[in-house]
Amino acid sequence: MVEGVSKALWVIVATVFVAAAAVLPTARGQQAACYFVFGDSVFDNGNNNVLNTVAKVNYPPYGIDYPLGPTGRFCNGRNIPDVIAELAGFSDTIPPYAGASATQANIGLNYASGGGGIREDTSQNLGERISLRRQINNHLSAITTAAVPRSKLRGCLYTISIGSNDYLNNYFLQPPTAARLAYTPDQFAKSLILRYRIYMTELHVLGARNVALFGLGKIGCTPRVVASLGGGVGCAEEVNQAVAIFNTNLKALVADLNNQLPGAKFTFVDLFSGNAQDFAAFGITVGDRACCTVNPGEELCAANQPVCPDRTKYIFWDNVHTTEIINAVVANAAFNGAITSPYSISQLVN
Ligand SMILES: CCCC(=O)Oc1ccc([N+](=O)[O-])cc1
């Protein structure tokens, strides 16, 4: 699954957690002082419900396997931060910033927004969204209002998954965007990382020390991109190659931040190196189509339409987002270190 990590290790990690299909509660209690989540739809758990956007999913069949039903998670069940919160011993999921009480900043908040990007102009085509810039502003506002001490914030966990939309809903959009016309893939990746560096430095000033930056997956293999740019079969290699450049630069940024920012423990989470075959051994065999019904040319599930009976066999829930079973495997592998470098998330919370 991962460069430098034996496939056997990945297989063991994944087997344990796929077999369990759920995360066992930790006996150790809450392992970090608080937990803050930033990102796009992969991490969003309801912030977009109150926005004027097509990127909102607070309707069935989203949440079909989640105890509270459709909450705004872009998934059938739990997303990656839900599973990480469980693994880190939090008794509850981290609530969305939208609608949360001020005191919740003492425990943790989720600022992620479907369609959100590193660039401000990303996902204009979708409507309202909260960029990474605005998510950090919201964090400043939340911790200031709740008067959370910097000393406490230094003991918290931060996870960030952002950048997919800068490719999906910007660089590879048709007709070509200003960014596409201005930059080669290499220049575009570097321009994104330049902004990412500024935002991470700001987050460090706000107390963040233990930060996991999720790299981008092979978005050229998502059903949406295969249909639009990949000729309907296989993967869109042009997209995967562009994303790979972003990941290489993000990994280098993590190393730089660890060298330059006092007390910083940043880690890179590799979502790219694996492939669909790695999951087949666990019965997750369907990787070329969505589990839910998606109308032609769209990416999200059609409301109240049929879904596949066995969600545990599918990689993709809709045409862009993964199923709960994949989220659980990824979260466990990130927590245990099978897909992270240089720290596992468990090392960030201890
Ligand atoms: C990995 C994708 C991150 C994300 O925010 O993806 C989205 C892509 C498209 C839509 N939409 O069309 O509504 C929403 C989210």
Side-chain angles (χ1 to χ4, degrees), residues 37-59 61-63 70-76 79-81 96 110-132 134-135 159-174 177 192 213-229 235-236 239-240 242-244 246-247 250 269-272 274 287 290 292-303 315-324 326-327 330-331:
V37 178
F38 300 79
D40 55 29
S41 55
V42 174
F43 280 11
D44 188 353
N45 64 350
N47 288 305
N48 274 24
N49 297 350
V50 295
L51 300 185
N52 183 13
T53 174
V54 298
K56 66 166 102 178
V57 292
N58 50 346
Y59 61 84
Y62 286 94
T71 55
R73 287 167 173 77
F74 288 72
C75 183
N76 57 308
N79 62 20
I80 292 170
N110 182 330
Y111 306 99
S113 165
I118 297 170
R119 289 175 61 100
E120 296 302 301
D121 61 354
T122 285
S123 302
Q124 284 177 81
N125 52 315
L126 301 178
E128 290 183 317
R129 69 279 174 205
I130 310 168
S131 63
L132 183 56
R134 290 183 50 217
Q135 291 179 34
T159 60
I160 306 175
S161 178
I162 197 97
S164 294
N165 285 307
D166 295 289
Y167 288 92
L168 277 173
N169 285 305
N170 195 333
Y171 196 76
F172 285 108
L173 269 186
Q174 286 297 336
T177 60
L192 294 177
L213 303 186
F214 282 65
L216 307 187
K218 287 183 178 150
I219 55 181
C221 303
T222 58
R224 168 200 162 162
V225 176
V226 174
S228 58
L229 297 168
C235 299
V239 177
N240 284 345
V243 161
F246 175 89
N247 286 337
L250 184 60
V269 184
D270 180 359
L271 302 184
F272 191 91
C292 71
T293 304
V294 181
N295 289 324
E298 299 197 351
E299 33 233 321
L300 302 180
C301 302
I315 292 177
F316 293 105
W317 164 243
D318 61 21
N319 268 1
V320 182
H321 303 99
T322 49
T323 50
E324 177 184 56
I326 294 293
N327 295 341
V330 167

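Atoms within a ligand are numbered from 1 in the order they appear, just like the ligands themselves.
Judged by distance alone, the side chains of Thr53 and Glu128 never bring a donor and an acceptor atom under 3.5 Å apart. For the residue pair Arg73 / Thr71, a side-chain donor-acceptor distance below 3.5 Å is found, with atom types taken as modelled. A side-chain N or O of Asn170 and one of Asp121 form a donor-acceptor pair less than 3.5 Å apart. Side-chain contact of Asn169 with Asn125: a donor-acceptor pair under 3.5 Å is present, judged by distance alone.
Each of Asp40, Ser41, Val42, Val54, Ala55, Gly114, Gly115, Leu126, Ser164, Asn165, Leu168, Asn169, Glu299, Leu300, Val320, His321 has a non-hydrogen atom positioned under 4.0 Å from some atom of ligand 1.
Atom CZ of Phe214 is separated from atom CG of Leu271 by 6.5 Å, given to the nearest 0.5 angstrom.
Listed for the Gln135 side chain is a donor-acceptor partner under 3.5 Å among the backbone atoms of Ile130.
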